[in-house]
Engineer: 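Structure provided below as structure tokens; questions to follow.
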Number of protein chains: 2
Amino acid sequence: MSSSESRERVLDVAEKLFSTYGYATVKLKDIAKALGMRQASLYYHAPGGKEELYLEVMRRNMQRHRQGLEEAIAQADDWQSQLQAVAYWFLSQPPMDFTRMIHSDLRAVHPEHAQHLIHITYEAVLQPIEQIFERCQAAGDIRAVDIKLLTGAFLSLIQAVHSVPQQWTNRSKEEMADEVLDILLHGLTA
Amino acid sequence: MSSSESRERVLDVAEKLFSTYGYATVKLKDIAKALGMRQASLYYHAPGGKEELYLEVMRRNMQRHRQGLEEAIAQADDWQSQLQAVAYWFLSQPPMDFTRMIHSDLRAVHPEHAQHLIHITYEAVLQPIEQIFERCQAAGDIRAVDIKLLTGAFLSLIQAVHSVPQQWTNRSKEEMADEVLDILLHGLTA
DNA sequence: GTCTATATATAGATAGAC
DNA sequence: GTCTATCTATATATAGAC
């Protein structure tokens, strides 16, 4: 295995754990264990320690989201398909809990790093979705609502679907996302 | 100040911190500092230590939610007012992050305690809301959807409003909740 | 690249003075 | 009721063998 491959593997494992359980909950020992190595061995792959590892993980994560969302949106022809494509994209990725990220995880890193992460998160995730809504609001496809609020609501709906324990239902996440999207577009009373 | 009053104050402060930042992120030192005392002094009020304090906080929290939701629902005359009353109730309370609770916080406590907390959370919070939706689905006020999914979606929308930083907007949380509720009921395309 | 051993820092918990 | 001092446990980080 090449050096960059094994590094990717470390980042993959760390990302999954950090995304699922949060910065403070995940110990370096947990990451090492998931990789089948000792805690100290992690420092060969991540000499910067825990905080630096978390930052690299998040930077790579946001980079991937930006790319993935861009492609998902570009390949869909109408705005409703774009929203569905965005939803499916997030379901294919490790869960992203904004609330926990802002309130918990980012408090543990140096303020200037937190600031930067918030910035790239906005550009990678919030902005592409806002732009979908802005376009279809301008085209008259949806009514006048607060776009930032709508974007936050949309994301929290998707992530709620993402974190439904698989045992509570026998439906796929995509099916649930479709149902939630349908409610968002046409309402409960339709 | 009576003994039970000062105990309530400890629980209030601990609840606010645990609810906002999560179990692992909040250190006993943080709670003590917010109370204006030293970390060791906390053990006078919470002899059981951190985990026991967290459990007491959550038990009391769920008890209060059950009561508060019951009253909010009972005082509203139609189902739409009930949903609004439920939303306002949650906005008046410390934020409740189910995702973090299940994925992060509960992993830190003994499994039997975690199990119990999940159970009382379901009874206190999920069940009352499910019942609203079941009633209005039976009455034909809303169309056929997965009630559990809808309940989760509703809650995550409210909490999303709750965790919008106040500086991002000049609108009140209640206004935002009204807008989100309106979208949920009538859809984006209405 | 991974290990053991260990140093250092932090968090949780206890003892006893006041 | 709160304090200081301290113990213990845990987590992060480093050193050096293999």
Side-chain angles (χ1 to χ4, degrees), chain A residues 1-58 100 103-111 113-114, chain B residues 1-58 100 103-111 113-114:
Chain A
M1 187 179 291
S2 81
S3 162
S4 77
E5 272 172 0
S6 75
R7 175 162 183 75
E8 286 300 299
R9 189 161 159 266
V10 171
L11 291 175
D12 284 344
V13 167
E15 176 174 337
K16 188 154 196 180
L17 291 173
F18 280 139
S19 300
T20 307
Y21 304 118
Y23 183 80
T25 304
V26 174
K27 314 302 179 188
L28 291 181
K29 205 175 180 177
D30 301 325
I31 299 173
K33 192 176 182 184
L35 287 163
M37 64 176 67
R38 300 291 191 165
Q39 180 260 144
S41 310
L42 253 186
Y43 281 81
Y44 173 79
H45 304 278
K50 187 181 183 183
E51 178 170 339
E52 183 56 41
L53 174 60
Y54 175 74
L55 292 172
E56 287 174 54
V57 158
M58 294 305 286
R100 195 201 54 217
H103 286 143
S104 312
D105 300 344
L106 291 186
R107 293 183 85 231
V109 308
H110 288 130
H113 291 147
Chain B
M1 188 179 290
S2 83
S3 161
S4 77
E5 271 171 1
S6 75
R7 177 164 182 73
E8 286 301 299
R9 187 160 162 266
V10 170
L11 291 175
D12 284 343
V13 166
E15 176 175 338
K16 187 152 195 180
L17 291 173
F18 281 139
S19 299
T20 307
Y21 305 117
Y23 184 80
T25 304
V26 174
K27 315 302 181 188
L28 291 182
K29 206 174 179 177
D30 302 325
I31 300 175
K33 192 176 182 184
L35 286 162
M37 62 175 70
R38 300 290 192 168
Q39 179 259 145
S41 311
L42 252 187
Y43 281 81
Y44 173 81
H45 303 279
K50 187 181 184 184
E51 178 170 341
E52 184 57 39
L53 175 61
Y54 175 74
L55 292 172
E56 287 175 55
V57 157
M58 293 306 284
R100 195 201 54 217
H103 286 142
S104 312
D105 300 343
L106 291 187
R107 294 184 83 231
V109 308
H110 289 130
H113 290 149

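Remember, it's a predicted structure, so these values are computed and weren't measured experimentally. The basis for the numbers below is simple: all heavy atoms, side chains too, and nothing from hydrogens, waters or symmetry mates. In what follows, chains carry the letters A, B, and so on, assigned in the order in which the sequence lines appear, proteins first and then strands, with residues in each chain numbered from 1.
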Engineer: Expressed as a whole number of angstroms, how long is the span from Arg38(B):CZ to dC18(C):C1'?
Structural biologist: 15 Å
Engineer: Any donor-acceptor pair under 3.5 Å linking the side chain of Lys29(A) with the backbone of Val26(A)?
Structural biologist: no
Engineer: What's the closest nucleotide to the Ser41(B) side chain, out of dG12(C), dT2(D), dG1(C)?
Structural biologist: dT2(D)
Engineer: Tell me the interatomic distance from Lys29(B), atom NZ, to dT10(D), atom P, rounded to whole angstroms.
Structural biologist: 20 Å
Engineer: To the nearest angstrom, how far is Tyr43(B) atom OH from dG1(D) atom C1'?
Structural biologist: 16 Å
Engineer: Decide yes or no for Tyr43(A) and Leu28(A): does some side-chain heavy atom of the first lie under 4.5 Å from some side-chain heavy atom of the second?
Structural biologist: yes
Engineer: Can you measure Asp30(B) atom CG to dA11(C) atom P for me and round it to whole angstrom units?
Structural biologist: 8 Å
Engineer: Could you tell me if Lys50(A) sits above the aromatic ring of Tyr23(A), with its cationic atom closer than 6.0 Å to the ring centre and no more than 45 degrees from the axis?
Structural biologist: yes
Engineer: Give, for atom CG of Leu17(A) and atom OH of Tyr54(A), the distance between the pair rounded to the nearest 0.5 Å.
Structural biologist: 13.0 Å
Engineer: Without decimals, in angstroms, what is the distance between Leu28(A) CG and dT10(C) C1'?
Structural biologist: 14 Å
Engineer: Write down the distance between CD1 (Ile31(B)) and P (dA11(C)), rounded to a whole number of angstrom.
Structural biologist: 13 Å
Engineer: Name the closest nucleotide to the Lys27(B) side chain, picking from dG1(D), dG12(C), dT14(C).
Structural biologist: dG12(C)
Engineer: Side chain of Gln39(A) only, please: which of dG1(C), dG1(D), dT12(D) is the nearest?
Structural biologist: dT12(D)
Engineer: Quick one: Leu42(A) CG to dA13(D) P, roughly how many Å, whole number?
Structural biologist: 11 Å
Engineer: Please determine, for the side chain of Ser6(B), which listed nucleotide (dG1(D), dG12(C), dT12(D)) has the closest atom?
Structural biologist: dG1(D)
Engineer: Check the distance between dT10(D)'s C1' and Tyr23(B)'s OH and give it to me in whole angstrom.
Structural biologist: 13 Å
Engineer: Among dA13(D), dT2(C), dT4(D), which nucleotide has an atom closest to any side-chain atom of Tyr44(A)?
Structural biologist: dT2(C)
Engineer: Closest to the Met37(B) side chain: dT12(D), dT14(C), dC3(D)?
Structural biologist: dC3(D)
Engineer: Find out whether Thr25(B) and Asp30(B) are in side-chain contact, i.e. whether some heavy atom of one side chain is under 4.5 Å from a heavy atom of the other.
Structural biologist: no
